[in-house]
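As the structure is a prediction and not an experimental result, all values here were calculated from the model. Excluded from the calculations below are hydrogen atoms, water molecules and symmetry mates; all remaining heavy atoms, backbone and side chain alike, are included.
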Amino acid sequence: MNYLISPTMLVWLLLAISIGCVLTKKSYWQLPLTLIAAVTFNVLTPIGAAIIISGLAIAYFTARQHTKSLIYIGHGAVILWVIGLIVHLYPGINNLLVLDQVNSGPLSRPFTLYFNIDKPMLIFALLLLVPNIVSNNEYNWHQLSLSRLQKWIIGGGLITLPLLAWGLQLVKPEFTIPSWWWIFAINNLIFTCVAEEVLFRGYIQGFLCKKLSPTVAIIIASVLFGLAHLAGGPLFVIIATLAGILYGVSYYWTKKITVAIVVHFAFNLLHLAFFTYPLPL
C-alpha cells in the first residue's frame, strides 16, 4: 500500500477537501487546485481535464440562464456528461487502484476498489447547477425535525434491509473487520455516498418533488438508484431500490443531504462488517 503515501494521494486529499467545502457552502477555490494536481500527477491527462472542465462549465452557465430551452438543453447535457462519469466512459482519466482482489472474509467474493476522480466530479457540477441541493442549515443536526416514528423507520430500515438481503440469499452473515476497512470507509463516505446522494436524492428526487407528489418522486428516484446497481443482479436491484427509499425519506423528512449521506454510509458499513461483501462466494 505504498501508493497511499505517494505524492499522487495529494490529488484525493484535495478532492476530499473540495467536497467538504462545497457541502458546507464555503467555496470552490480548492477544485482548481485539485484539477491542477491531477494533471501534474497524470491522474488526468489534458484531454481528461478538458472533459471534466467542460461539464463543470456547462453546469455553471446553465444555472445562469433564463431561457427555458437553454436551461433544458443545459440540464440534458450535464446529465449525459454525468452518466459518462459514472460508467467511466471518458479517456484521459486514470483512477487509482487501491484494493485489488481482496476478501473481506473467507465467505466473500474478491473485491476491487478504486479511488475515482471522475464520478465525484458530478458533485460539483450538480451543486453548480442546483445550489439548493445543500441547505443553509445542513449541519445543524441538533435541529433535526424527525419524529420518534421517523427515527424508528430509519433505524429499523438499517437493520431489516440487510436481513432481507440475507433472506433473499444475496448475502450471508460474516462478521469481519478487514485491515483495509478504513480505506473502504474513506472512499465510500466521501467519494461514493456523497456523489450518489447528490445525484439521486438531491438532484433527481429534488426535481421530481417539484413536479410530482413526494411519494412518487421518492419511488422513481429510488428505482433509478436500484437500476444503477444492475450489475449486482436483479435481487441486488431490489435491495438497492428499497435502500434508496430509506435514503429518500431521510432526505425528504430532514431536508438535509448530509443525513441521507450518513444513512447511506451506515448501511454500507453494516454490510461490510456483518455480512459477506460484496457478495458470497
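Hydrophobic cluster membership differs between Val223 and Tyr251, with clusters built from Ile, Leu, Val, Met, Phe, Trp and Tyr side chains linked at under 4.5 angstrom. Val216 and Leu227 are not part of a single hydrophobic cluster, where members link through side-chain heavy atoms under 4.5 Å apart. If you chain together hydrophobic residues whose side chains sit under 4.5 Å apart, Val87 and Phe200 fall into the same group. Hydrophobic clustering (side-chain heavy atoms under 4.5 Å, transitive across Ile, Leu, Val, Met, Phe, Trp, Tyr) keeps Ile219 apart from Trp253. Ile218 and Leu158 fall within the same hydrophobic cluster, defined by Ile, Leu, Val, Met, Phe, Trp and Tyr side-chain heavy atoms under 4.5 Å apart, directly or through other members.
Cluster partners of Leu80 are absent, since no Ile, Leu, Val, Met, Phe, Trp or Tyr has side-chain heavy atoms less than 4.5 Å from it.
Looking at Leu270 and Phe275, their side chains never come closer than 4.5 Å, going by heavy atoms from C-beta outward. By the 4.5 Å heavy-atom criterion applied to side chains, Pro278 and Val171 are not counted as neighbours.
The only member of Ile183, Leu272, Val102 that meets side-chain contact (heavy atoms from CB on, under 4.5 Å) when paired with Pro178 is Leu272.
For Tyr90 (side chain) and Trp81 (main-chain N/O), a donor-acceptor pair under 3.5 Å exists by modelled atom type. Checked by atom type and distance alone, the side chain of Thr254 pairs as donor or acceptor with a backbone atom of Lys256 at under 3.5 Å. With Thr24 contributing its side chain and Cys21 its backbone, the two residues share a donor-acceptor pair below 3.5 Å. Side chain of Lys172 to backbone of Gln169: no donor-acceptor contact under 3.5 angstrom is found.
When all heavy atoms are compared, the tightest approach of Ala125 to Ala59 is O-CB, 3.3 Å. The minimum heavy-atom distance between Ile177 and Ala273, with the atom names listed, is CD1-CB, 4.0 Å. Shown here for Leu56 and Leu128, the closest heavy-atom pair between the two residues is O-CD1, 3.8 Å.
Atom CZ of Phe184 is separated from atom CG of Asn268 by 5.5 Å, given to the nearest 0.5 angstrom.
Take Phe61 and apply the ring pair (Phe, Tyr, Trp, His ring centres under 6.0 Å) test, not counting sequence neighbours, and it matches no residue. Evaluation of the side-chain hydrogen bond (donor to acceptor under 3.5 Å, both in side chains) rule for His75 yields Tyr203 as partners, not counting sequence neighbours.
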N/O donor to acceptor pairs below 3.5 angstrom from side-chain atoms of residues 33-52, sequence neighbours left out:
from, atom 1, to, atom 2, distance (Å)
Thr34, OG1, Leu14, O, 3.3
Thr34, OG1, Ser18, OG, 3.1
Thr34, OG1, Gln30, O, 3.0
Thr40, OG1, Ile36, O, 2.8
Thr45, OG1, Ile47, N, 3.4
Thr45, OG1, Gly48, N, 3.2
Thr45, OG1, Gly92, O, 3.4

Which donor-acceptor pairs under 3.5 Å do the side chains of residues 106-121 make with protein atoms, sequence neighbours left out?
from, atom 1, to, atom 2, distance (Å)
Ser108, OG, Ser104, OG, 3.0
Ser108, OG, Glu174, OE1, 2.6
Ser108, OG, Tyr277, N, 3.0
Arg109, NE, Pro280, O, 3.0
Thr112, OG1, Gln101, N, 3.2
Thr112, OG1, Gln101, NE2, 3.0
Asn116, OD1, Asn95, ND2, 3.2
Asp118, OD1, His88, ND1, 3.3
Asp118, OD1, Asn95, ND2, 3.3
Asp118, OD2, His88, ND1, 2.8
Asp118, OD2, Asn95, ND2, 3.3
Lys119, NZ, Glu196, OE2, 2.9

Scan the side chains in residues 229-250 for donor-acceptor partners under 3.5 Å anywhere in the protein, sequence neighbours excluded, and list what turns up.
from, atom 1, to, atom 2, distance (Å)
His229, ND1, Phe225, O, 2.7
Thr241, OG1, Val237, O, 2.8
Ser250, OG, Leu246, O, 2.8

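More than 12 heavy-atom neighbours from other residues, nucleotides or ligands sit within 6.0 angstrom of CZ on Arg64.
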Q: Under the side chain to side chain contact (heavy atoms under 4.5 Å, CB included) rule, what do Val22 and Val134 come out as? Steps first, then yes or no, please.
A: CA-CA 9 Å; Val22 297; Val134 177; over 6 Å; no
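Taking the ring centre of Tyr72 as origin, the terminal cationic atom of Lys68 falls outside the region bounded by 6.0 Å and 45° from the ring axis.
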